[in-house]
Amino acid sequence: MRIATWNINSLRARTDRLLALLERHEIDVIALQEIKAKPEQLDLSGLEAAGYEVAAHGLNQWNGVAIASRIGLSDVHTQLPDVPTWPEEEDGVVEARALGALVGGAEGTSPGLRLWSLYIPNGREIDHPHYGYKLRWLEALRAEGARELAADAQAPVLLTGDFNVAPEDEDVWSMEFFEGKTHVTEPERAAFRAVVDEGYADLVRPDHPGPQVYTYWDYQQLRFPKKEGMRIDFALGSPAVQNAYRASFIDREERKGKGASDHAPVVVDLEF
DNA sequence: ATGTCGAACGAAGTTCGA
């Protein structure tokens, strides 16, 4: 089972790149973030023709998450339990930042995997209300992760997506540059570690240690050609998924050329 | 040149978010 995660930065603007990516790497399941559209605005005919079932959750031009699977897709959830709303005023809403589904398990090939496509809030500035929202959002994710394993310690669960946190100093191109900025602060890293500590390991890092291993490069300032990136996209697997892990890679090629997303896809191979 | 990009709104260019 080959599973990918990718912050696509608009599904409508990059449907062709997505179809090519799925074909190039023979991806069974992909978790997408920042689809930037409502489901009814999407043309899913290409994906469906390629054999994928698609679940998409988007409320407006911001955020939005989706899962496409060619090995089964069921039991879809469009939000994490107890997730905070934004903005924090009375008219705040639960943003489209999480989509959960059961994938695989089709044709008796493998057990069903609980997959979450996650787009953690950016945080904006450390003194902005969005930063506190980000920390509370990560706490809701930790709680959901804990619930899953409390119900069944051997449940195959994969928490994947754009975490907007660089957990280690080596995950950014310059700690000096990020001084006083979001993504690298201790509270964000502690919130990330709290998810890991519930039993969800970073599947990719052991095979692809840093420094200078990144999944995101800002469009601005020629960050990609200058190799000035960040590792902020992760696949965190429960113990059963850790046992099933076989290999992984970050598709840096996808960041190249005209019309690239600012994130590279992360691909993980599992064998149950 | 903040060395950028996508979407909304609305019909060209500004605004927001990242």
Side-chain angles (χ1 to χ4, degrees), chain A residues 5-21 31-44 56-66 83-89 91-98 117-138 161-167 171-174 176-185 188 191-192 214-234 251-266:
Chain A
T5 183
W6 188 27
N7 181 323
I8 193 171
N9 187 21
S10 169
L11 176 49
R12 284 177 291 177
R14 257 173 281 286
T15 296
D16 290 348
R17 272 189 178 256
L18 173 60
L19 293 171
L21 175 81
L32 299 169
Q33 299 85 38
E34 284 208 87
I35 66 169
K36 290 188 168 178
K38 303 171 194 174
E40 61 266 30
Q41 294 176 299
L42 300 172
D43 176 6
L44 302 176
H57 178 46
L59 302 174
N60 49 42
Q61 70 269 44
W62 296 301
N63 316 310
V65 279
V83 76
T85 54
W86 182 263
E88 295 172 306
E89 288 83 58
D91 59 343
V93 300
V94 174
E95 295 186 302
R97 294 181 176 276
S117 178
L118 304 163
Y119 180 46
I120 280 73
N122 173 287
R124 301 185 186 172
E125 311 291 336
I126 57 177
D127 57 354
H128 193 285
H130 209 259
Y131 179 80
Y133 170 55
K134 178 181 195 173
L135 297 178
R136 288 189 293 279
W137 208 99
L138 282 164
D162 177 0
F163 283 71
N164 269 318
V165 176
D171 296 335
V172 294
W173 61 274
S174 164
E176 215 168 86
F177 177 84
F178 280 94
E179 175 77 34
K181 294 188 172 72
T182 60
H183 293 60
V184 301
T185 67
E188 289 165 276
F192 181 90
Y214 306 129
T215 64
Y216 163 86
W217 300 260
D218 199 316
Y219 285 127
Q220 302 187 53
Q221 310 282 40
L222 297 176
R223 293 293 183 217
F224 185 65
K226 291 196 285 195
K227 305 185 190 308
E228 296 175 344
M230 307 170 74
R231 192 204 296 247
I232 55 176
D233 299 87
F234 297 97
D251 184 14
R252 274 187 78 261
E253 295 300 307
E254 180 53 49
R255 182 62 181 77
K256 296 180 180 176
K258 191 171 170 59
S261 168
D262 42 2
H263 292 252
V266 179

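Because the structure is predicted, anything quoted here is derived from the model rather than measured. These values consider heavy atoms only, across backbone and side chains, with no hydrogens, waters or symmetry-generated copies.
Each of A37(A) and N164(A) was matched to the nucleotide of DNA chain B holding its nearest heavy atom; the match closer to the 5' end belongs to A37(A). Comparing P121(A) and L11(A) along DNA chain B, the residue whose closest nucleotide (by nearest heavy atom) sits nearer the 5' end is L11(A).
For residues 5-18 of chain A, the pairs satisfying salt bridge (Lys or Arg N to Asp or Glu O under 4.0 Å) are R17(A)-E254(A), with sequence neighbours left out. Sorted by first then second residue, the salt bridge (Lys or Arg N to Asp or Glu O under 4.0 Å) pairs that include residues 215-229 of chain A, not counting sequence neighbours, are R223(A)-E228(A). Residue pairs meeting the side-chain hydrogen bond (donor to acceptor under 3.5 Å, both in side chains) criterion with at least one partner in residues 119-128 of chain A, sequence neighbours excluded, are E34(A)-Y119(A).
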Any protein N or O atoms within reach of nucleotides 11-14 of chain B? Criterion: under 3.5 Å, listing atom names and distances.
none

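Here, dA1(B) and dA18(B) have their P atoms 28 Å apart, quoted to the whole Å. A gap of 13 Å separates the C1' atoms of dG10(B) and dT15(B), to the nearest Å. Comparing dA7(B) with dA12(B), their C1' atoms sit 16 Å apart, to the nearest whole Å.
Rounded to whole angstrom, the span from the CZ atom of R17(A) across to the P atom of dG6(B) amounts to 10 Å. I8(A) has its CD1 atom 10 Å from the P atom of dA7(B), to the nearest Å. Separating the CG atom of N7(A) from the C1' atom of dT4(B) is a distance of 15 Å, rounded to the nearest angstrom. Atom CG of L18(A) and atom C1' of dG6(B) are 17 Å apart (whole Å). Residue K181(A) contributes atom NZ, which lies 14 Å from atom C1' of dA18(B) at whole-angstrom precision. Counting to the nearest Å, the P atom of dA18(B) and the OH atom of Y216(A) are 11 Å from each other.
Of the possible donor and acceptor atoms, none in the side chain of T182(A) sits under 3.5 Å from a partner among the backbone N and O of G123(A). Between the side chain of T215(A) and the main chain of R231(A), no donor-acceptor pair closer than 3.5 Å is present.
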message: As a check on the pairing definition, encode DNA chain B in dot-bracket form, counting Watson-Crick and G-U wobble pairs whose two distances are under 3.5 Å, and using | for partners outside this strand.
response: ...((((((...))))))

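Non-hydrogen atoms lying under 4.0 Å from DNA chain B are contributed by Q61(A), W62(A), all within residues 58-65 of chain A.
At most 12 heavy atoms of other shown residues, nucleotides or ligands fall within 6.0 angstrom of atom CD in E176(A).
Residue R12(A) places at least one side-chain N or O under 4.0 Å from the OP1 or OP2 atom of dA8(B). OP1 and OP2 of dG17(B) both lie 4.0 Å or more from every side-chain N or O belonging to Q220(A). At the phosphate of dC16(B), neither OP1 nor OP2 sits under 4.0 Å from any side-chain N or O atom of R124(A).
Take K181(A) and apply the side chain to side chain donor-acceptor pair (under 3.5 Å) test, not counting sequence neighbours, and it matches no residue. Residues passing the side chain to side chain donor-acceptor pair (under 3.5 Å) test with E88(A) are R136(A), sequence neighbours excluded. Applying the side chain to side chain contact (heavy atoms under 4.5 Å, CB included) criterion to Y214(A), with sequence neighbours excluded, gives W173(A), Q212(A), W217(A). Partners of A66(A) according to the side chain to side chain contact (heavy atoms under 4.5 Å, CB included) rule, which considers only residues two or more places apart in sequence or in another chain, are L32(A), I35(A), A56(A). Scored by the ring-ring contact (aromatic ring centres under 6.0 Å, His included) test, Y131(A) finds no partners at all (sequence neighbours excluded). Residues passing the side chain to side chain donor-acceptor pair (under 3.5 Å) test with H183(A) are N164(A), sequence neighbours excluded.
Across all strands shown, Q33(A) has no heavy atoms under 4.0 Å from either base or sugar-phosphate atoms. Y119(A) comes within contact range of the sugar-phosphate backbone alone, with a heavy-atom separation under 4.0 Å but no base atom that close.
Minimum atom distance to the side chain of N122(A) is reached by dA18(B), of the listed dG6(B), dA18(B), dA8(B). Of the candidates dT4(B), dA18(B), dG6(B), dT4(B) carries the atom nearest the Y219(A) side chain, counting heavy atoms from C-beta on.
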